[in-house]
There are 2 protein chains.
Amino acid sequence: LRIEIVAIGEELLKGRIVNTNAAFLSKQLQIHGYRTLRHTTLPDAGEALSTGLQEALSRSDVVIATGGLGPTLDDGTREVAAEIFGSDFAFNQEVANDLKRRYGERYGAVEDQARLPVKAAILPNSVGSAPGLVFSDLGKTLILLPGVPQEMEPLFSQEVLPLIRRRWPAVHREMTLLSFCLVYESLLDPTLRKLSKEFPSVEVGIYPSAGTLLVSLSGEGTAPFCKALLLAWSSYHYLASTGKIAEALVNLCKGRGESIACAESCTGGRIASFITEIPGASECFLGSLVTYSNPMKCQWLNVREETLSSVGAVSAAVVSEMLAGVFENTSANWGIAVSGIAGPTGGSDEKPIGTIFAAIGRRGENPDVGHFSITGDREKIMTTAAQCLIGALWRKIDKGLPAFPFF
Amino acid sequence: LRIEIVAIGEELLKGRIVNTNAAFLSKQLQIHGYRTLRHTTLPDAGEALSTGLQEALSRSDVVIATGGLGPTLDDGTREVAAEIFGSDFAFNQEVANDLKRRYGERYGAVEDQARLPVKAAILPNSVGSAPGLVFSDLGKTLILLPGVPQEMEPLFSQEVLPLIRRRWPAVHREMTLLSFCLVYESLLDPTLRKLSKEFPSVEVGIYPSAGTLLVSLSGEGTAPFCKALLLAWSSYHYLASTGKIAEALVNLCKGRGESIACAESCTGGRIASFITEIPGASECFLGSLVTYSNPMKCQWLNVREETLSSVGAVSAAVVSEMLAGVFENTSANWGIAVSGIAGPTGGSDEKPIGTIFAAIGRRGENPDVGHFSITGDREKIMTTAAQCLIGALWRKIDKGLPAFPFF
């Protein structure tokens, strides 16, 4: 079954809003065993909309289009679709009654939504005013849905997906998603290449983000491929429903009653931000001392001025003292301390931009102190450093492995 | 000039990630006077990628494609583009030297990125390993950029946009960009509608992001439109080359020798993160005490346990004590303290999810203490609260206006 998704709206083509509908639809389809061949974004009306929809219909069996169904004059999707399928319009009393019931005295403003193409099947919209429409002819199906996610998503899940599953039952495919931290795409690549030769029918996808990697495996042979991949990289593999390493850390600490605090210099609050993104983080995360200046390192964390002046803020000695300060100033049993050079200035030959020193440890034990380097701009360095250190703490607690080196 | 944007990657067609690149590119193009005709998302390789790119090139003058340039086996964009433009590959020593310098001992894993199509101009990528490529032939231009936003965005702004502006100067339209903080789109809307009637040839774009709004004005009459808009909303208008309110705050404080520190509960480090995103923030930003737990509020900021137990952490009394704690524990002359309910749990009838209390003030003066509410999910609430408070501090320092209410 060939499926394409079309998003309609000038606001998308002007970059005013991000097209989240295409990702929602593709993800739902993928989960239920259907692939999306293409996403297209088209303007609200006119020739370009008509041509774009016809091209999609010529390539695919099913086209799901979102947007442009509203009552205002810049919404032309319904008219263009009716023209393509040679359909007249008629007033639909049932839809009108439903709109009257739900809109009361505001019915006048939405009455036009009951004038519908006679050749289309109607999918009732219980949230907004525009019903979904299904045109089918000569083996081609065009499904029109409203653009507002709050209306589109329930309409898709309750009406469109059951319709597709009834009419085109999916061929079941195994699909496995694996999350890894602390590794680069290029480090995992030789293993993936080797396994791809061994299991040529497994389809592999790699999705890197700052400090973590998501690997997707599907097709015949996924199970042994997955087993071999995990054998080679087990200590980098974490479980998290959102794919976020902070979720793995928070779940781990909540489960074991561990608590975390940190001292952040170059990451400027990003470790705390990533951890607090996870609902329920307050059960294990106490806080972070964002000591972005040297006086704060001394005042909040008892870092000694002599250490700062002798070896500099970006050093093993300073992050060790910062971590000791975390334990002195909190009841946390695990801590992270970090100091580095995020740029764009401040680098030297000895410590170029992207140099990060960190200390990670458990209260009362000798900490792991190490350094690593990240290439990229200021924000990438700060974000990647934060994610890597969350990963290193997760691995140390979960696997008992030293935090450094990462690999 | 007809421009289309193509995003390449199975992860997009599988709905694993949202295509934010298309919105970024269209917004940048729109701001500089270029319209985008269409967005398309295509798979990583093969017939479908080749066909899709050729279709886009047949419709448009310039096609900007993102993604699929990595060193791994699922990245086929470069090969497909070279085939379309009939280009051989050759090893590029200059790119190789740059990769060697930046990747050091990891060079082996990225060496393949120096094998490049000879017919393409090269756009150096200083963040990641894949350079941008520009193919031009028979009046058609195909620009390939990496898919990772941290690499794509600087490459586009520093290399591609200047190239487009040089080669195809936009039909000159006056274009003014105005940044506002602390206002919602719907608050500004009546003013914009009124002015649009008065100056019908001015094209208006509004780009909201968490806590700030960017308004673009172009066409004849922009100057008086702009003047009238600023007259009505001057105290919300800030100047920042990046459009970020934190940049306005950092520049203001650096210029006046002011220093800032904060105490963050519900924003979990996001105020510190946004401020430290600005290069040179260390000249005015001392640090943030991310007191995500009540014991840390007491221990780090001297918040009294009686206050917490009598009125709760999300209260005017607690943020006032937090701000006092900031001044006791730093030498900063300006401070922000914030506590709120980010959800998804923890809301009540009296203090629903999205309720934020904050105190903003200058050392030795009575602080402004207020509360506001934000609708949205956890991350939106945390991010918007942080941006609004940065805006409120900027406005208080710059305009001498009270921090609350925002409007």
Side-chain angles (χ1 to χ4, degrees), chain A residues 12-20 22-27 30 36-42 48 52 185-187 189 192-193 196 204-207 214 268-270 272-273 276-277 279 282 285-293 295-296 299-300 329-331 344 375-380 382, chain B residues 10-20 22-27 30 36-42 48 52 70-74 102-103 106 109-110 127 150 154 205 207 268-270 272-273 276-277 279 282 285-293 295-296 299-300 329-331 344 378-379:
Chain A
L12 295 161
L13 292 174
K14 287 182 177 163
R16 243 197 92 171
I17 57 171
V18 171
N19 180 8
T20 56
F24 170 85
L25 292 169
S26 281
K27 187 173 174 183
Q30 181 74 20
T36 304
L37 293 189
R38 193 187 277 222
H39 297 163
T40 309
T41 303
L42 299 171
E185 187 175 356
S186 51
L187 277 171
D189 198 52
L192 293 173
R193 277 177 198 265
S196 288
V204 184
I206 312 179
Y207 310 108
L214 182 70
R270 281 160 190 74
S273 294
T276 58
E277 206 178 322
S282 57
F285 182 65
L286 301 180
S288 178
L289 293 146
V290 183
T291 52
Y292 206 65
S293 56
M296 296 301 103
Q299 202 173 327
W300 295 352
N329 288 287
T330 69
S331 62
T375 53
D377 66 6
R378 178 178 173 86
E379 187 57 29
K380 188 188 166 200
M382 296 169 102
Chain B
E10 274 300 325
E11 67 275 30
L12 295 161
L13 292 174
K14 287 179 179 166
R16 197 143 320 116
I17 58 172
V18 171
N19 180 7
T20 56
F24 170 86
L25 292 169
S26 281
K27 180 178 171 180
Q30 181 74 20
T36 305
L37 293 190
R38 193 188 276 222
H39 297 165
T40 308
T41 303
L42 299 171
T72 54
L73 77 170
D74 60 357
R102 291 191 294 123
Y103 283 79
R106 295 188 291 119
V110 296
V127 181
Q150 290 92 328
Y207 304 98
R270 282 161 189 74
S273 295
T276 58
E277 206 177 322
S282 57
F285 182 65
L286 300 181
S288 178
L289 293 147
V290 183
T291 53
Y292 206 67
S293 56
M296 297 301 102
Q299 202 172 329
W300 295 351
N329 288 287
T330 70
S331 62
R378 179 179 173 86
E379 187 58 29

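Residue numbers start from 1 in every chain, and the chains themselves are labelled A, B, ... in the order their sequence lines are given, proteins ahead of strands.
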Most heavy-atom pairs under 4.5 Å with chain B, out of A:Gly52, A:Ala22, A:Ser288, belong to A:Ser288
With a 4.5 angstrom heavy-atom cut-off, is it the side chain or the backbone of A:Glu379 that approaches chain B, or both, or neither?
side chain
Between A:Ser282 and chain B, with a heavy-atom cut-off of 4.5 Å, which part of the residue counts as in contact: side chain, backbone, both or neither?
both
Criterion side chain to side chain contact (heavy atoms under 4.5 Å, CB included) on B:Arg270 and A:Arg270, from CA distance to verdict:
CA-CA 7 Å; B:Arg270 282 161 189 74; A:Arg270 281 160 190 74; over 6 Å; no
Would you confirm whether A:Arg16, through its side chain, and B:Ala23, through its main-chain N or O, come within 3.5 Å as a donor-acceptor pair?
no
Audit row: B:Val18, A:Thr20, side chain to side chain contact (heavy atoms under 4.5 Å, CB included) steps and yes/no:
CA-CA 6 Å; B:Val18 171; A:Thr20 56; 4.1 Å; yes
Side-chain donor or acceptor of B:Ser293 paired with backbone N/O of A:Leu286 under 3.5 Å:
yes
Please check: side-chain N/O of B:Arg378 versus main-chain N/O of A:Glu277, any donor-acceptor pairing under 3.5 Å?
yes
For A:Pro279 and B:Pro344, the nearest pair of non-hydrogen atoms, with its separation, is CB-CD, 3.5 Å
When rounded to the nearest 0.5 angstrom, what is the spacing between CD in A:Gln30 and CD in B:Glu10?
8.0 Å
Scored by heavy-atom pairs under 4.5 Å with chain B, the best of A:Ser273, A:Ala272, A:Gly287, A:Gly269 is A:Ser273
By a 4.5 Å heavy-atom criterion (distance strictly below it), what part of A:Arg38 contacts chain B: side chain, backbone, both, or neither?
both
Choice from B:Val110, B:Asn19, B:Thr330 maximising heavy atom contacts with chain A below 4.5 Å:
B:Thr330
Against chain B, label A:Leu187 side chain, backbone, both or neither, depending on which of its atoms sit under 4.5 Å from a heavy atom there.
neither
Under a 4.5 Å cutoff for heavy-atom pairs, which residue among A:Gly376, A:Pro295, A:Gly268, A:Ala48 has the most contacts with chain B?
A:Gly268
Please flag which part of B:Phe24 lies under 4.5 Å from any non-hydrogen atom of chain A: side chain, backbone, both or neither.
neither
Keeping B:Gln299 on the side-chain end and A:Asn329 on the backbone end, is there a donor-acceptor pair under 3.5 Å?
yes
Under 4.5 Å from a heavy atom of chain B, the part of A:Asp377 involved
both
With the side chain counted from C-beta on, respond yes when A:Val290 and B:Val290 share a heavy-atom pair under 4.5 Å apart, and no when they do not.
yes
If one checks every heavy atom of A:Leu25 against chain B at 4.5 Å, the contacting part turns out to be neither
Using a 4.5 angstrom heavy-atom cutoff, name the option from A:Leu42, A:Ile17, A:Thr291 with the most pairs to chain B.
A:Leu42
Should B:Thr40 and A:His39 be marked as a side chain to side chain contact (heavy atoms under 4.5 Å, CB included) after you check the CA-CA gap, both sets of side-chain angles, and the distance that decides it?
CA-CA 5 Å; B:Thr40 308; A:His39 297 163; over 6 Å; no
Rounded to the nearest 0.5 Å, how far apart are NZ of A:Lys14 and OG of B:Ser26?
11.0 Å
A:Leu12 side, atom CG; B:Thr36 side, atom OG1 - distance, nearest 0.5 Å:
11.0 Å
Compare all side-chain heavy atoms of A:Leu289 with those of B:Leu289 and state whether any distance is below 4.5 angstrom.
yes
Apply side chain to side chain contact (heavy atoms under 4.5 Å, CB included) to residues B:Val127 and A:Thr375 and explain how you reach the verdict.
CA-CA 6 Å; B:Val127 181; A:Thr375 53; over 6 Å; no
